[in-house]
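Structure first, then comments.
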Amino acid sequence: MKKFIIIFLSILFAVITSGCSGKTEINETVKNEMRTAAKGFTSKLKNILVPNLKNGGPVKAIAVCADTAQLLTKNYAEKTKLEIKRVSLKTRNLKNQPDAFEKEILIKFDKMKVKNELVPETEVFETTEIKGEKVIRYMKPIITQTVCLNCHGDDNQINPEVIKLLNEKYPNDLARNYKEGDVRGAISIVKLLNN
Ligand code: HEC
């Protein structure tokens, strides 16, 4: 009898863990590909941003965060066949506004931050469909660091010259008054499943 119970429980466990929700399993290779792309994107941006801040100051660096980010997005898409971008609930550039899925996850990240549950490993994978195509989506929080406050902090932290430039270039700028440790946004990647 005991044996049957054990067999029954094993089958039940196998069914549950194999995901009876009908979602496609995402294999580790694909996960790692998306993780690496996100890391590469973030570090590349920061590697350009920090020296520019040091040498040219925030006014020069603004061009980096602005133009380089959009350009990187384009280059990465061509090179890796992944659609990669930065999104936020409080955007500076309207081009970085989240879609419904991204918005939901960004809200989740913010809630996790409040509950102190956000860790460096925090990430979300999901298989879904976009315009009839099966895709894998990946999101990773972007955390505000001290250096970011030069352009995303409060009026005392942002140089007046920078404030002037931001006001001119981004009349709808919401990406201010952040504090160190806040979720500034997320890296969002979409990969076609049959690619
Ligand atoms: C020199 C000024 C400057 C600094 C420093 C800076 N940013 Fe930005 N950031 C910008 C500008 C300008 C944009 C608008 C980019 C665009 O047009 O796509 C932006 C956009 C973003 C976005 C895209 C969402 C949005 O608001 O449009 C994220 C995410 C972001 N920054 C995160 C960071 C993080 C994290 C840091 C620190 C590591 C940082 N930024 C440092 C100027 C800066």
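It should be emphasised that the depicted structure is a prediction, and the values quoted were computed from it without experimental measurement.
- Heavy-atom minimum distance, Arg86 versus Ile187: CG-CD1, 4.2 Å.
- In the hydrophobic clustering of this structure, Leu118 does not group with Phe125; members are Ile, Leu, Val, Met, Phe, Trp, Tyr whose side-chain heavy atoms approach within less than 4.5 Å, directly or through other members.
- Note on Ile107 and Val183: same hydrophobic cluster, where clusters join Ile, Leu, Val, Met, Phe, Trp and Tyr whose side-chain heavy atoms are under 4.5 Å apart, directly or indirectly.
- Atom CG of Asp99 sits about 10.0 Å away from atom CD of Glu104, to the nearest 0.5 Å.
- Closest heavy-atom contact between Gly181 and Lys113: O-CE, 3.3 Å.
- For the pair Leu106 and Gly185, the tightest heavy-atom approach, listed with the atom from each and the gap, is CD2-C, 3.7 Å.
- When the options His152, Glu180, Lys46 are evaluated for a side-chain hydrogen bond (donor to acceptor under 3.5 Å, both in side chains) with Gln145, the one that passes is Lys46.
- For the pair Asn93 (side chain) and Asn96 (backbone), a donor-acceptor distance under 3.5 Å is absent.
- The CG atom of Leu82 sits 9.5 Å away from atom CG of Leu192, with the distance rounded to the nearest 0.5 Å.
- A donor-acceptor contact shorter than 3.5 Å links the side chain of Asn150 to the backbone of Val147.
- In this structure, Lys140 forms no cation-pi arrangement with Phe41, as its terminal cationic atom is not both closer than 6.0 Å to the ring centre and no more than 45° off the ring axis.
- Atom NZ of Lys108 has 12 or fewer heavy atoms from other residues, nucleotides or ligands within 6.0 Å.
- Separating the CD1 atom in Ile130 from the CD atom in Glu83 is a distance of 7.0 Å, to the nearest 0.5 Å.
- Linking Ile, Leu, Val, Met, Phe, Trp and Tyr whenever their side-chain heavy atoms come within less than 4.5 Å puts Tyr170 and Ile163 in one cluster.
- Looking only at side-chain heavy atoms (C-beta outward), Met34 and Glu123 stay at 4.5 Å or farther from each other.
- The closest donor-acceptor contact from the side chain of Arg92 to the backbone of Cys151 lies under 3.5 Å.
- Between Ser88 and Pro98, the shortest heavy-atom contact is O-CD, 3.1 Å.
- Rounded to the nearest 0.5 angstrom, Gln157 CD and Leu149 CG are separated by 4.5 Å.
- By the neighbour-count criterion of 12 heavy atoms within 6.0 Å, atom CD of Glu161 is sparsely surrounded, having that number or fewer from other residues, nucleotides or ligands.
- Hydrophobic clustering of Ile, Leu, Val, Met, Phe, Trp and Tyr side chains at less than 4.5 Å, counting indirect connections, keeps Ile142 apart from Ile105.
- Looking at Lys90 and Asp182, no side-chain N of the basic residue comes within less than 4.0 Å of a carboxylate O on the acidic one, giving no salt bridge.
- Nearest approach of Phe109 to Met139, heavy atoms of both residues: CZ-O, 3.8 Å.
- A salt bridge between Arg35 and Glu121 is absent, with no side-chain N of the basic residue lying under 4.0 Å from a carboxylate O of the acidic one.
- Using a distance-only test at 3.5 Å, with no hydrogens or angles considered, a donor-acceptor pair links the side chain of Thr122 to the main chain of Val119.
- Residues Phe101 and Met112 share a single hydrophobic cluster, defined by chaining ILVMFWY side chains whose heavy atoms lie under 4.5 Å apart.
- Atoms CD1 and CD1, on Ile84 and Ile189 in that order, are 4.0 Å from each other to the nearest 0.5 Å.
- Atom NZ of Lys31 has more than 12 heavy atoms from other residues, nucleotides or ligands within 6.0 Å.
- Of all heavy-atom pairs between Ile26 and Glu126, the closest is CD1-N, 4.1 Å.
- When Glu133, Lys134, Arg137 are each tested for a side-chain contact (heavy atoms from CB on, under 4.5 Å) with Thr128, only one passes: Arg137.
- Note that CG of Leu94 is 9.5 Å distant from CG of Asp173, once rounded to the nearest 0.5 Å.
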